[in-house]
Amino acid sequence: MQDRIRIRSLSEHVGAEVVLCGWVRQRRSSGAKLHFLQVSDGTAGVQVVVKKGNVPDEQLEAARYVPFESTVVVRGTVKEDARQVGGVEVSATEFEVMSAAAEDFPIGRKEHGVGFLMDNRHLWLRSSRPRAAMRIRAEVIRACRDYLDEGGFTCVDAPIFNSSAAEGTATLFPVGYFDQTIYLSQTGQLHMEAAAQALGDVYCFGPTFRAEKSKTRRHLTEFWMLEPEMAFADLDEDMDVMEGMIGRVVERVLERCGPELDVLERDRAILERCLPPYPRISYTEALERLEGTDASIPWGEDFGAPQEDAVSAMFEKPVLVHRFPTAIKAFYMKPDPEQPEVVLGCDMIAPEGYGEIIGGGERSADLAYLERKIEEEGLPKEPYEWYLDLRRYGANPTAGFGMGLERVVAWMGDLGHVREAAPFARTMARTSP
RNA sequence: UGGCGUGUGGCCGACUUGGUAAGGCGCCCGGCUGUUAACCGGGAACAUGCAGGUUCGAAUCCUGCCGCGCCAGCCA
């Protein structure tokens with residue numbers, strides 16, 4: 001539509017006559033001669049007033065009976081009105097129904113259950129809560145990319161189709177690829193190590209897939225991961241980047257997503273406490289702090305959700321836990337030269353039970369060590385040959401990490417479940433809409 | 001995969017000790033020229049996941065199956 005304006009910018013047109021398009025989200029009448037329509041075009045919503053005398057009678061009737069979610073074209077005058085959320089309303093002079101919606105739009109103004117809402121995700125997306133979550137998601141992505149791009153990183157894409165796995169094949173989704181079986185990517189890390197040797201500081205951002213039969217509020221089978229990788233970086237630098245990037249995310253969301261946080265009724269004070277610096281404690285220290293609590297575990301055992309929650313509850317901000325036992329971590333992690341029983345890895349745990357939002361660390365540059373680990377863990381050697389080439393031709397220290405986008409978004413908006421942080425979440429039980 | 005929980009109209013949700021399915025939203029009609037999860041009056045339609053069992057009688061108790069949810073493991 002030629003001269004149509006976005007509802008978001010209506011306040012710049014007070015007193016002017018404008019044309020707008022949108023969906024009728026709500027309708028109220030005061031007699032047969034005055035109708036109030038809440039119209040949204042996605043950018044924002046506004047109250048349109050259709051009054052007898054201002055529009056032809058047949059348009060007045062159309063406004064009286066227009067079903068929810070119908071698309072309409074409105075010409076009218078923008079008026080200041082302190083009673084309205086955006087501060088303005090539109091007094092219609094022309095009202096046209098572009099497409100009348102069926103009268104049984106399933107999403108009502110009253111409460112619904114999770115199952116029903118997820119079944120109707122394509123329509124639920126129009127509601128204020130999902131819209132706020134999607135805007136926050138977009139801002140989190142923007143903040144991360146800005147942080148890395150400004151820091152001199154190069155965005156490099158990782159493949160989705162792969163014949164090898166970074167961490168075994170148990171949690172991979174097999175797909176038919178011509179006459180063979182390959183797998184959907186569960187990480188871009190190995191490829192980013194190759195890219196880092198070409199470009200220094202790199203990152204990839206894309207979907208990853210895990211066939212984990214997890215049905216918790218922190219798991220999706222398809223999720224987006226941001227994975228920076230830095231040549232010649234060590235664990236401390238790696239943690240600096242984790243902290244800097246998440247710090248930037250928190251700052252940006254607070255700065256630019258105020259209205260969205262309000263829609264979600266997110267307590268801002270909690271986020272304001274989450275600006276850097278973040279505490280950094282070793283796995284061993286964490287266990288010492290857990291001693292005597294319900295979450296206490298023997299040294300050597302991996303952190304579970306109860307340990308993560310207990311550790312994060314000790315601080316009011318994200319916590320970096322580093323130097324986990326070598327035995328429980330992936331083969332490519334570099335052992336600490338000063339205490340080889342632990343690796344130079346690090347996880348960032350988000351507050352409020354949102355769990356591990358980042359996992360990463362230094363990669364081993366030692367060819368012989370990696371060959372031994374691959375054998376010890378019973379991994380097939382052949383698929384890793386190309387990866388081992390990276391150690392044969394100019395081995396270098398490398399460090400990086402992976403950030404789970406949906407977990408960060410769920411935490412920012414206190415969404416309760418990662419499925420609300422994705423537009424169309426894929427879980428064990430749901431692959432549609 | 002395991003543990004726990006749950007399944008009532010299009011949606012939400014009662015039915016407590018087993019006794020013959022509330023109420024609300026939505027929908028339709030009407031009223032109101034300033035409403036905003038509008039309000040007021042009237043109306044129609046629509047339901048106990050599936051299969052067994054106990055009982056005079058089951059939405060309610062028992063068993064199995066299926067779906068969903070939460071938690072755990074695994075991870076981001």
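Reminder, nothing fancy here: chain letters follow the sequence lines and each chain counts from 1. Everything numeric in this text was worked out from a predicted model, so none of it was measured. All values below come from the heavy atoms of this structure, side chains included, with hydrogens, waters and symmetry mates left out.
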Colleague: Hey, does the side chain of A:R64 come within less than 4.0 Å of B:G31's phosphate (OP1/OP2), counting only N and O?
Modeller: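 Yes, A:R64 has a side-chain N/O under 4.0 Å of OP1/OP2 on B:G31.
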Colleague: Distance check, C1' atoms only: B:C66 and B:C27, in whole angstrom units.
Modeller: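 Comparing C1' positions in B:C66 and B:C27 gives a spacing of 32 Å.
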Colleague: Are the charged groups of A:R126 and A:E69 less than 4.0 angstrom apart, N to O?
Modeller: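 Yes, A:R126 and A:E69 are salt-bridged.
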Colleague: With sugar-phosphate meaning primed atoms plus P, OP1 and OP2, does A:G115 contact a base, only sugar-phosphate, or nothing at under 4.0 Å between heavy atoms?
Modeller: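 If one applies the 4.0 Å heavy-atom cut-off, A:G115 turns out to touch nothing in the nucleic acid.
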Colleague: Between A:H322 and A:S282, do the side chains contain a donor N or O and an acceptor N or O under 3.5 Å apart?
Modeller: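 Checked: A:S282/A:H322 side chains show no N/O donor-acceptor pair below 3.5 Å.
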Colleague: Given the structure, check if the side chain of A:Q38 and the base of B:U35 hold any donor-acceptor pair shorter than 3.5 Å.
Modeller: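 Flag unset: no donor-acceptor pair detected.
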Colleague: Whole Å only: how far is the CD atom of A:E308 from the P atom of B:C75?
Modeller: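 About 10 Å, once rounded to whole Å.
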Colleague: Remember a base hit wins even if backbone is also touched, and classify A:I107 as base, sugar-phosphate or nothing at under 4.0 Å, heavy atoms.
Modeller: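 Since no nucleic acid heavy atom lies under 4.0 Å of A:I107, the category is nothing.
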Colleague: For B:A22 and B:U63, measure between their P atoms and round to the nearest Å.
Modeller: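 Result for the P pair: 29 Å, nearest Å.
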Colleague: For A:R419, which contact category applies under a 4.0 Å heavy-atom criterion: base, sugar-phosphate, or nothing?
Modeller: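 Since only primed, P, OP1 and OP2 atoms lie under 4.0 Å of A:R419, the category is sugar-phosphate.
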Colleague: Looking at A:K213, does any N or O in its side chain come under 4.0 Å of the phosphate oxygens OP1/OP2 on B:U1?
Modeller: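 Yes, within the criterion.
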Colleague: Can you tell me the base-pairing partner of B:U48? Count Watson-Crick or G-U wobble geometry only, both distances below 3.5 Å, and say none if there is no partner.
Modeller: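 In the structure as shown, B:U48 has no Watson-Crick or wobble partner.
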Colleague: For A:D81, report the nucleic acid contact type (base, sugar-phosphate, nothing); a contact means any heavy atom under 4.0 Å.
Modeller: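 Answer is base: heavy atoms of A:D81 come under 4.0 Å of a base.
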Colleague: Looking only at side-chain atoms of A:A429, point me to the closest of B:G69, B:C12, B:C75.
Modeller: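 Of all the options, the side chain of A:A429 is nearest to B:G69.
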Colleague: Would you mind telling me which of B:A76, B:G10, B:G34 lies closest to the side-chain atoms of A:F116?
Modeller: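 Nearest nucleotide to the side chain: B:G10.
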Colleague: Check whether any side-chain nitrogen or oxygen of A:H417 sits under 4.0 Å from OP1 or OP2 of B:C70, and answer yes or no.
Modeller: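 The answer is yes; a side-chain N or O of A:H417 sits under 4.0 Å from OP1 or OP2.
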Colleague: Check whether any side-chain N or O of A:D336 sits under 3.5 Å from a backbone N or O of A:V343 as a donor-acceptor pair, and report yes or no.
Modeller: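 Not confirmed, A:D336 side chain does not pair with A:V343 backbone.
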Colleague: With a 3.5 Å limit on both atom pairs, tell me what B:G67 is paired to, counting Watson-Crick and G-U wobble, or say none.
Modeller: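 For B:G67, the partner nucleotide comes out as B:U6, under the 3.5 Å rule.
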Colleague: Starting at atom CG of A:L123, determine the distance to atom P of B:G10, rounded to an integer number of angstrom.
Modeller: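 My rounded result for the distance is 17 Å.
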Colleague: Below the 4.0 Å mark, does B:C75 have OP1 or OP2 next to a side-chain nitrogen or oxygen of A:Y354?
Modeller: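 Answer no for this pair, as no side-chain N or O of A:Y354 is under 4.0 Å from OP1 or OP2.
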Colleague: Taking any heavy-atom pair under 4.0 Å as a contact, classify A:H35: base, sugar-phosphate, or nothing.
Modeller: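 If one applies the 4.0 Å heavy-atom cut-off, A:H35 turns out to touch nothing in the nucleic acid.
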Colleague: Check the angle between the aromatic planes of A:F324 and A:Y283 and answer parallel, tilted or perpendicular using the 30° and 60° thresholds.
Modeller: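 Tilted: the ring planes of A:F324 and A:Y283 meet at 30° to 60°.
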Colleague: For B:A45 versus B:G9, give the span between their C1' atoms, rounded off to a whole number of Å.
Modeller: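 Result for the C1' pair: 9 Å, nearest Å.
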Colleague: What is the separation between atom CD on A:Q186 and atom C1' on B:C75, rounded to the nearest whole Å?
Modeller: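 So the two atoms are 9 Å apart, to the nearest Å.
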Colleague: Donor-acceptor pair under 3.5 Å: do we get one between A:R407's side chain and the base of B:C75?
Modeller: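 Present.
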Colleague: Who does B:U35 pair with, Watson-Crick or G-U, both distances under 3.5 Å?
Modeller: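 Checking every strand shown, B:U35 finds no partner, since no pair has both distances under 3.5 Å.
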Colleague: Is it true that, when you exclude A:E301 itself, more than 12 heavy atoms of the residues, nucleotides or ligands shown sit nearer than 6.0 Å to its CD?
Modeller: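 Atom CD in A:E301 is crowded, with more than 12 foreign heavy atoms closer than 6.0 Å.
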Colleague: Taking only side-chain N and O atoms of A:R217, does any of them lie within less than 4.0 angstrom of OP1 or OP2 on B:C71?
Modeller: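 Yes, A:R217 has a side-chain N/O under 4.0 Å of OP1/OP2 on B:C71.
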Colleague: Calculate the interatomic distance between A:D104 atom CG and B:G10 atom P; express it in whole Å.
Modeller: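 One finds 11 Å between P of B:G10 and CG of A:D104, rounded.
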Colleague: For the base of B:G34 and the side-chain ring of A:F36, does the geometry meet a stacking cutoff of under 5.5 Å between centres and under 30° between planes?
Modeller: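 No, aromatic ring not over the base.
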Colleague: Is there a side-chain polar atom (N or O) of A:R430 under 4.0 Å from OP1 or OP2 of B:G69?
Modeller: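 True: A:R430 side-chain N/O within range (under 4.0 Å) of B:G69 OP1/OP2.
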Colleague: Determine whether A:E150 and A:R248 make a side-chain contact, defined as any pair of heavy atoms from C-beta on separated by less than 4.5 Å.
Modeller: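 In contact.
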Colleague: Counting only distance, no hydrogens or angles, is the base of B:C74 paired donor-acceptor with the side chain of A:T171 under 3.5 Å?
Modeller: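 Per atom types, no contact qualifies.
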Colleague: Roughly, in whole Å, what's the span from CD in A:E111 to P in B:G10?
Modeller: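 Interatomic distance, CD of A:E111 to P of B:G10: 20 Å.
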Colleague: So for A:T216 and B:G73, does any side-chain atom that can act as donor or acceptor lie under 3.5 Å from a complementary atom in the base?
Modeller: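 There is none.
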Colleague: Classify A:G53 by what it touches in the nucleic acid, base, sugar-phosphate, or nothing, heavy-atom distance under 4.0 Å.
Modeller: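 If one applies the 4.0 Å heavy-atom cut-off, A:G53 turns out to touch nothing in the nucleic acid.
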Colleague: Assess whether salt bridge (charged side-chain N to carboxylate O under 4.0 Å, His left out) is satisfied between A:K381 and A:E375, documenting all intermediate values.
Modeller: CA-CA 7 Å; A:K381 213 181 163 198; A:E375 200 173 321; over 6 Å; no
Colleague: Return whichever of A:F68 or A:M428 has its heavy-atom-nearest nucleotide of RNA chain B closer to the 5' end.
Modeller: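 The residue whose closest nucleotide sits nearer the 5' end is A:M428.
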Colleague: When we call it a touch if two heavy atoms are under 4.0 Å apart, what does A:M403 touch: a base, just sugar-phosphate, or nothing?
Modeller: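 Nothing, no nucleic acid heavy atom in range.
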Colleague: Starting at the 5' end of RNA chain B and moving along, which residue's nearest nucleotide shows up first, A:E212 or A:E89?
Modeller: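 The residue closer to the strand's 5' end, by nearest nucleotide, is A:E89.
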Colleague: Can you check the distance between B:C65 and B:C70, where both ends of the measurement are the P atom (answer in whole Å)?
Modeller: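 Straight-line distance between the two P atoms is 22 Å.
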Colleague: Send over the distance from A:D302 CG to B:A72 P, rounded to a whole Å.
Modeller: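 After rounding, the reported distance stands at 14 Å.
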Colleague: Expressed as a whole number of Å, how far does the C1' atom of B:C62 sit from that of B:C71?
Modeller: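 Those two atoms are separated by 26 Å.
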Colleague: Expressed in whole Å, how much space separates the C1' atoms belonging to B:A47 and B:A59?
Modeller: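 After rounding to an integer number of Å, I get 10 Å for this pair.
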Colleague: When we call it a touch if two heavy atoms are under 4.0 Å apart, what does A:E406 touch: a base, just sugar-phosphate, or nothing?
Modeller: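 If one applies the 4.0 Å heavy-atom cut-off, A:E406 turns out to touch nothing in the nucleic acid.
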Colleague: Hunt down the Watson-Crick or G-U wobble partner of B:C61, both distances under 3.5 Å, from any strand shown, or write none.
Modeller: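 Its partner is B:G53.
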Colleague: Could you identify the nucleotide paired to B:A72, looking across every strand shown and requiring Watson-Crick or G-U wobble geometry with both distances under 3.5 Å?
Modeller: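 Matched B:A72 with B:U1 under the 3.5 Å cut-off.
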Colleague: What's the CZ-C1' distance between A:R426 and B:C75, to the nearest Å?
Modeller: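 Answer to the nearest Å: 20 Å.
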Colleague: Looking only at side-chain atoms of A:Y65, point me to the closest of B:G34, B:G30, B:A37.
Modeller: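 The closest nucleotide is B:G30.
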Colleague: Taking only side-chain N and O atoms of A:R218, does any of them lie within less than 4.0 angstrom of OP1 or OP2 on B:A72?
Modeller: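 For B:A72, OP1/OP2 do have a side-chain N/O of A:R218 under 4.0 Å.
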Colleague: Should we say atom CD of A:E265 is surrounded by more than 12 heavy atoms from elsewhere, each under 6.0 Å from it?
Modeller: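 Counting neighbours around CD of A:E265, 12 or fewer heavy atoms of other residues, nucleotides or ligands fall under 6.0 Å, so no.
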Colleague: Mind calculating the distance between CD (A:E103) and C1' (B:C11) to the nearest angstrom?
Modeller: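 One finds 17 Å between C1' of B:C11 and CD of A:E103, rounded.
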Colleague: If I pick the C1' atom on B:U1 and the same atom on B:C75, what distance separates them, to the nearest angstrom?
Modeller: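 Each nucleotide's C1' atom is 16 Å from the other's.
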Colleague: Consider the side chain of A:S214, meaning its heavy atoms from C-beta on, and name the nucleotide among B:C74, B:U33, B:C32 that approaches it most closely.
Modeller: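 Of the options given, the side chain of A:S214 lies nearest B:C74.
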Colleague: NA contact type, A:E301, heavy-atom cut-off 4.0 Å: base, sugar-phosphate, or nothing?
Modeller: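 A:E301: no heavy atom of the nucleic acid under 4.0 Å.
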Colleague: For A:R27, answer base if it contacts any base atom (sugar-phosphate contacts may also be present), sugar-phosphate if it contacts only those atoms, and nothing otherwise; contact means non-hydrogen atoms under 4.0 Å.
Modeller: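 The residue A:R27 makes no contact with any strand.
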Colleague: With a 6.0 Å cut-off (strictly less than), is the heavy-atom count around CD of A:E285, excluding the residue itself, greater than 12?
Modeller: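 Correct, the count exceeds 12.
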Colleague: Using a cut-off of 4.0 Å on non-hydrogen atoms, how would the nucleic acid contact of A:G108 be classed: base, sugar-phosphate, or nothing?
Modeller: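 Nothing, no heavy atom under 4.0 Å.
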Colleague: Work out how far the C1' atom of B:C32 is from that of B:G67, and round it to whole angstrom.
Modeller: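 Roughly 47 Å separates the two C1' atoms.
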Colleague: What nucleotide, of B:C29, B:G34, B:C70, holds the atom closest to the side chain of A:L34?
Modeller: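 Minimum distance to the A:L34 side chain belongs to B:G34.
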Colleague: Applying a 4.0 Å non-hydrogen cut-off, can you work out what A:T208 is touching in the nucleic acid: base, sugar-phosphate, or nothing?
Modeller: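 It contacts nothing in the nucleic acid.
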Colleague: Within the 4.0 Å heavy-atom criterion, would you say A:F209 contacts the bases, only the backbone, or no part of the nucleic acid?
Modeller: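 Contact class for A:F209: none.
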Colleague: Name the nucleic acid region contacted by A:Q47, choosing base, sugar-phosphate or nothing; use a 4.0 angstrom heavy-atom cut-off, strictly under.
Modeller: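 Base: the residue A:Q47, judged by heavy atoms under 4.0 Å, touches a nucleobase.
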Colleague: Distance to the ring centre below 6.0 angstrom and angle to the axis at most 45 degrees; does that hold for A:R109 and A:F68?
Modeller: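 Yes; both conditions hold, so A:R109 lies above the ring face of A:F68.
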